[in-house]
Amino acid sequence: MPKSLKQSKPDDFFEQVYEVTRKIPYGRVTSYGAIARFLGTARSARMVGWALNACHSRPLHVPAHRVVNRQGLLTGKMHFGTPTAMQQLLENEGIRVMNDRVVNFRKLFWDPCKEL
DNA sequence: GGTGTGACAATGG
DNA sequence: GCCATTGCCACAC
């Protein structure tokens, strides 16, 4: 029974990513690396992005638009259906975006390891 | 069980 | 501040 137990949650890692992403405060942004480090997989920052890629398979809405790369670049905007959807959502929260890059990213940066 | 891949991060120029 | 290269882990086939 022990070996079959984990079979129920094959996407445990993804679940964690979604959970942290939902906890991002309004008007704040974070990076994939920060989430990865918070989950204990600092070197799997790419997996965080991939996990969000599968967020469409989730019944719950995930504010993936608040997650950007270390440079504050909206690398995943293309996965929102429309190329401008991500930027629109960020601007809607008061976040200024220029050239697909978050302005004052360091100020708006939200570190789950510290804040959470 | 190996191979390919990905919404990244860190470093150096 | 920007561009190019390398390393990295987890997942699908």
Side-chain angles (χ1 to χ4, degrees):
Chain A
M1 157 292 211
K3 54 183 179 183
S4 305
L5 187 62
K6 57 187 294 185
Q7 193 174 355
S8 295
K9 286 272 188 177
D11 45 350
D12 188 24
F13 178 80
F14 286 18
E15 275 281 345
Q16 296 284 6
V17 176
Y18 303 141
E19 191 173 353
V20 176
T21 306
R22 278 196 307 250
K23 291 176 183 172
I24 301 175
Y26 179 89
R28 292 292 204 116
V29 291
T30 187
S31 65
Y32 304 91
I35 298 175
R37 191 161 11 169
F38 178 76
L39 297 179
T41 56
R43 294 157 189 169
S44 309
R46 312 183 90 187
M47 293 301 87
V48 178
W50 201 358
L52 291 175
N53 187 14
C55 76
H56 294 277
S57 301
R58 286 273 130 187
L60 209 58
H61 176 248
V62 181
H65 59 275
R66 293 178 187 157
V67 185
V68 294
N69 66 347
R70 198 93 176 77
Q71 300 177 339
L73 199 67
L74 280 55
T75 50
K77 63 174 185 178
M78 37 172 20
H79 294 275
F80 276 78
T82 59
T84 56
M86 188 173 184
Q87 183 172 341
Q88 286 291 318
L89 288 169
L90 290 173
E91 289 183 344
N92 192 17
E93 297 188 358
I95 300 175
R96 185 88 68 175
V97 178
M98 283 203 300
N99 253 353
D100 299 341
R101 187 176 57 194
V102 177
V103 183
N104 298 332
F105 171 69
R106 293 185 62 172
K107 292 181 182 178
L108 297 173
F109 183 77
W110 177 79
D111 193 342
C113 201
K114 294 178 182 179
E115 304 283 344
L116 204 58

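First the proteins, then the strands, lettered A, B, ... as listed; each starts at 1. Side-chain atoms are counted along with the backbone in the values below, which use heavy atoms only and exclude waters and symmetry mates.
The distance between atom CG of Leu73(A) and atom P of dA4(C), rounded to the nearest whole Å, is 14 Å. Separating the CE atom of Met98(A) from the C1' atom of dC2(C) is a distance of 16 Å, rounded to the nearest angstrom. Between Gln71(A) atom CD and dA4(C) atom P the separation is 12 Å, expressed in whole Å. Following rounding to the nearest Å, Trp50(A) (CH2) and dA9(B) (P) show an atom-to-atom distance of 17 Å. Arg70(A) places its CZ atom 17 Å from the C1' atom of dC2(C), with the value rounded to the nearest Å. Between Asn53(A) atom CG and dA12(C) atom P there is a gap of 11 Å when expressed in whole angstrom units. Distance Leu52(A) CG to dC8(B) P: 10 Å, rounded to the nearest Å. In this structure, Gln16(A) atom CD and dC9(C) atom C1' are separated by 16 Å, rounded to whole Å.
Remark: Leu39(A) CG to Cys113(A) SG distance equals 10.0 Å, nearest 0.5 Å. Atom CZ of Arg70(A) is separated from atom OG1 of Thr30(A) by 9.0 Å, given to the nearest 0.5 angstrom.
The side chain of Cys55(A) has dA7(B) as its nearest neighbour among dC11(C), dC8(C), dA7(B). Taking every side-chain heavy atom of Ser31(A) into account, dA9(B) is the closest of dT5(B), dA7(B), dA9(B). Of the candidates dA7(B), dC9(C), dA9(B), the closest approach to any side-chain atom of Ala45(A) belongs to dA9(B). When distances are taken from the side chain of His79(A) to each of dA7(B), dA9(B), dC8(C), the shortest belongs to dA7(B). Of the listed nucleotides (dA10(C), dC8(C), dA7(B)), dA10(C) has the atom at the smallest distance from the side chain of Ser44(A).
For Glu91(A), there are no salt bridge (Lys or Arg N to Asp or Glu O under 4.0 Å) partners two or more places apart in sequence or in a different chain. Annotation: side chain to side chain donor-acceptor pair (under 3.5 Å) contacts of Asp100(A) (sequence neighbours excluded): Lys77(A).
Taking 4.0 angstrom as the limit, Arg101(A) places none of its side-chain polar atoms (N or O) nearer than this to OP1 or OP2 of dG1(C).
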